[in-house]
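The structure appears right after this line, and notes come after that.
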Amino acid sequence: MNRLRLVFVALIVFLLATPAGSIGWPSPALAAPKPIPLPNIKGSSPDPDTLPGGSNPTDPGKRQRYDYENPAEALRTHENEPAPDDGAAQIAALSPEAEKAGTWEHCQKRWLEYQEKKAAERAAGKKTSPPLPWRTWLRRYIPNQGNDNQGKAFVLHVAQRLRLGANHGWRSEVHVPEVNRWYDLGNEELGLFYEIKSGRGVDDSELARDKKLIELERAKPNPRRLVYLFAEEPTKGAKAKLRDAGVSYFVVPALKNLITSGGDSGGGGAGTGGPKDGGPKDGGPTGAASDILRAPDQRGSQGAALDGFADSPDTPEEAAELARVDAQLAAESGHPELAQDLGGVDFSTLELRYVSDTYHNGSGVQYAFKADELPAADQQSFGGRHAAQLASDSFFVWLSLRPSSFTVNLNPDEPDRILDAQFGRTDAGRVLLEADLTMKKSVAKFIHPDTRGGQKYWDALRGETKCVSMRQWIVPDTATVRDNGNELYILSAPLQVKMESDVVKAQGVGGTAGCGQESQATIKHNESVYRTMILPQVQDAVNHAPEYADLRRVYASRVAAEWFRQRSATKHTAYSDLIDTGDISRWTSRESWSPREVFDRYVKSYKNGEFKVKRTTTRGNFIYTSTFVYGGVDFSRINRNPVSADAFAKEHPTLAGSVSDALYGPVGQGSEVWLGGLTTSKPLSEAFARPASATSNPLLYPLAALPLIAWLLTGGLLLRRRRAQVEPSRA
């Protein structure tokens, strides 16, 4: 008996010491997942060459929606409640329900663990960012609890769409023991495996095994194939990792649609879609984010944009903490790749690029913002809420004030004509005035003699002082738009920098007043040199440099607002009641600033110069003095270049679909990401409701019978009249 006990103990020790998977068992982290029952597909199986990974894959067609449920959506009622206290969370953690993802007990347990982890980091002296507030953390927790359902729903969607039926040899959760890897779909006879991603990211641990599989198969005469299938274009970082692993990918365009168990869409979560009858339900983000593009008589905005903006961190430090929380929650859900879905959005490039008037059944607007992907895969998104608020507030300022107010002026001779008093109370006014000052600093950077281009510029100037004095200002260039009557697509919204020589009366650097001491011939020559060598650099910076991002953002909103202004001249629109009211009380500046303070900074720059360079040569000392630049920004007029329907369809074939789908979730289009939303004067459940069925109206049948009754009565009267005429004649 003792010997048998020793053998038994030795066997247990052996099993514990043996690396998982070395005797054919998957490791605990890779335990066999439960297969998803695949449907039987009628008809013959698809030609393997036409499938993703084949020699001639078929275009899967336009983006389609698929439904999934999230058990945690009911927890959104806790967003505006205080965080659960530690005692309640500790009691909840002991409940069996705490092990079920998406339950209130599970949520409290995870929140307690998060708090304890942050406290332990601080106690250990680690440099760590502050813990997330309860509401911010909860809005991260909730969508992650639906990850597994989302992934499985997309697998079924792909199987049905590509006709990968169980009766055609396809199976879900197929195990490849050589690399201890489970693939979402596989066909052993075809030697084809699909890893299916409903998001835009990849799992590094999975990809390491995929790379090993590719290397093992490479030497075989009939290698098995592995293809990743995405719902949309993967992130730049994901693409780079796939290339490194030698794994190909294919996009089956699809959009997730979050529904409740009753078939209606849930409220407000990331990726929240509409119900099966066509749109989102009431609920979702509250506070500043829900006011995006919302007029005073409209209900709070809804849509994917609101989720992205409400959850957007304000700082890089907060972004890093959110990324860590997302990664942890996504990993717990079994889908770590979904934490990367919005990680690559460069919110500094966010601009309003689409508006649609009178959306659905009431006064309202559908809108969409465009942003670029971040250039580096490891960069974190932040600032979305501030960028969206600036775009929205500026939009309403452009509507409420007269266009003649939309100009700013930094001229040291005119301290009393900086900008309109009302405009000076807004962030739009601040952005224009700061851009004017920034433009002077840009000029100083480009003409600095320590740069190669700057030295060439100074060498090309004439005159004893080599001075240029000019007025330089920013105006809208022609915006390219597609206006189909009820919708406006802003395809491009460039800005233009103009200049003209001028002499400033106020004394500047060195006590001189402009460059009036130079001859007209010298002034004309120096202006030509500036136009050729410096002005193109300034204009390029205004249209592309990050320091002018806010200016470009408020200008795009200006184009959208002007469309509503012109439209309101002939019909009532969602914003007709706001135009030229002069009331900007709802949209005053969110930052404390003073037009005079910006003007004083400009005058200081003008008088002291942005730089002073003294050079000693064999011929003596030369001092380079700053160019005298003043000007302004003038958004009082907008020029538009309309694009025809045919040109729009040819040059932007997928844009309309992307903008429409952006209402339900972030939509990637090339290197861009679209985020949509809507406002309405009615409850969303009414605005999106389908017209009631005619047969449901109790008056239908009586009303439908009226023509028949009238016909019978008329026929009866005519017949009676005819008989009456016939009877006397017989007599």
Side-chain angles (χ1 to χ4, degrees), residues 63 65 255-259 264-311 350-371 384-385 387-389 391-393 395-396 399 484-490 556-557 560-561 563-564 567 572-578 655-667 673-690:
R63 187 180 288 112
R65 288 215 296 264
L255 199 65
K256 59 187 177 184
N257 183 40
L258 173 62
I259 61 171
D264 291 336
S265 80
T272 297
K276 295 176 181 178
D277 61 359
K281 293 291 186 184
D282 295 286
T286 58
S290 64
D291 281 338
I292 302 299
L293 272 292
R294 183 181 72 84
D297 62 340
Q298 294 173 355
R299 302 174 71 86
S301 298
Q302 297 294 310
L306 274 299
D307 297 309
F309 302 152
D311 294 343
L350 189 80
E351 295 176 7
L352 179 63
R353 287 302 190 94
Y354 168 84
V355 287
S356 172
D357 186 34
T358 313
Y359 188 67
H360 283 281
N361 301 331
S363 174
V365 170
Q366 183 179 350
Y367 58 85
F369 288 86
K370 178 182 76 72
R385 181 166 55 88
Q389 286 172 347
S392 178
D393 289 354
F395 174 85
F396 287 116
L399 288 173
N484 66 8
N486 293 325
E487 298 174 290
L488 179 73
Y489 297 85
I490 304 173
S557 295
W563 182 72
F564 274 101
R567 184 178 174 84
H572 192 80
T573 72
Y575 302 122
S576 289
D577 296 339
L578 300 176
L655 181 55
S658 295
V659 165
S660 177
D661 291 338
L663 179 62
Y664 302 96
V667 174
V673 179
W674 288 82
L675 296 161
L678 62 92
T679 68
T680 175
S681 59
K682 295 183 177 181
L684 292 171
S685 54
E686 293 181 24
F688 279 90
R690 284 180 174 176

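No hydrogens, no waters, no symmetry mates; every other heavy atom, side chains included, goes into these values.
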Scanning both residues in full, the closest heavy-atom pair of Leu350 with Ala388 reads CD2-N, 3.7 Å
Closest non-hydrogen atom pair, Ser557 against Ala391:
OG-O, 2.8 Å
Nearest 0.5 Å, what's the CG-OG distance between Leu663 and Ser356?
11.0 Å
Would Ile292 and Tyr367 count as a side-chain contact (heavy atoms from CB on, under 4.5 Å) here? Give the steps.
CA-CA 10 Å; Ile292 302 299; Tyr367 58 85; 3.9 Å; yes
Would Phe309 and Phe369 satisfy ring pair (Phe, Tyr, Trp, His ring centres under 6.0 Å), going step by step from the backbone distance to the final call?
CA-CA 11 Å; Phe309 302 152; Phe369 288 86; 5.3 Å; yes
State whether the side chain of Ser576 and the backbone N or O of Thr573 hold a donor-acceptor pair below 3.5 Å, judged by distance alone.
yes
What verdict does the side-chain contact (heavy atoms from CB on, under 4.5 Å) test give for Leu488 and Phe564, after you've listed the backbone C-alpha separation in whole Å, the side-chain angles of each residue and the deciding distance to 0.1 Å?
CA-CA 10 Å; Leu488 179 73; Phe564 274 101; over 6 Å; no
What verdict does the side-chain contact (heavy atoms from CB on, under 4.5 Å) test give for Tyr354 and Lys370, after you've listed the backbone C-alpha separation in whole Å, the side-chain angles of each residue and the deciding distance to 0.1 Å?
CA-CA 9 Å; Tyr354 168 84; Lys370 178 182 76 72; over 6 Å; no
Verify, without hydrogens or angle tests, whether Asp291 (side chain) and Arg294 (backbone) share a donor-acceptor contact under 3.5 angstrom.
no
Check: Val667 main-chain N/O paired with Arg63 side-chain donor or acceptor under 3.5 Å
no
Would you say the ring centers of Tyr575 and Phe395 fall short of 6.0 Å from each other?
yes
Minimum-distance pair of heavy atoms, taken over all atoms of Arg567 and Asn486:
NH2-OD1, 2.7 Å
Minimum-distance pair of heavy atoms, taken over all atoms of Ala560 and Ile490
N-CD1, 3.9 Å
Mark yes or no for whether Gln298, through its side chain, and Ala295, through its backbone, hold a donor-acceptor pair below 3.5 Å.
yes
Can you see which heavy atom on Leu293 is nearest to which on Phe396, and at what distance?
C-CZ, 3.5 Å
Examine distances only and state if a side-chain atom of Asp357 and a backbone atom of Ala574 form a donor-acceptor pair shorter than 3.5 Å.
yes
Looking only at non-hydrogen atoms, find the nearest pair between Ala561 and Leu399 and report the distance.
O-CD2, 3.5 Å
With heavy-atom distances below 4.5 Å as the criterion, would you say the side chains of Pro296 and Leu578 are in contact?
yes
Atom pair CD/CD of Glu487 and Gln366 - distance to nearest 0.5 Å
7.5 Å
Cation-pi between Arg353 and Tyr489: NZ/CZ under 6.0 Å from ring centre and within 45° of the ring axis?
no
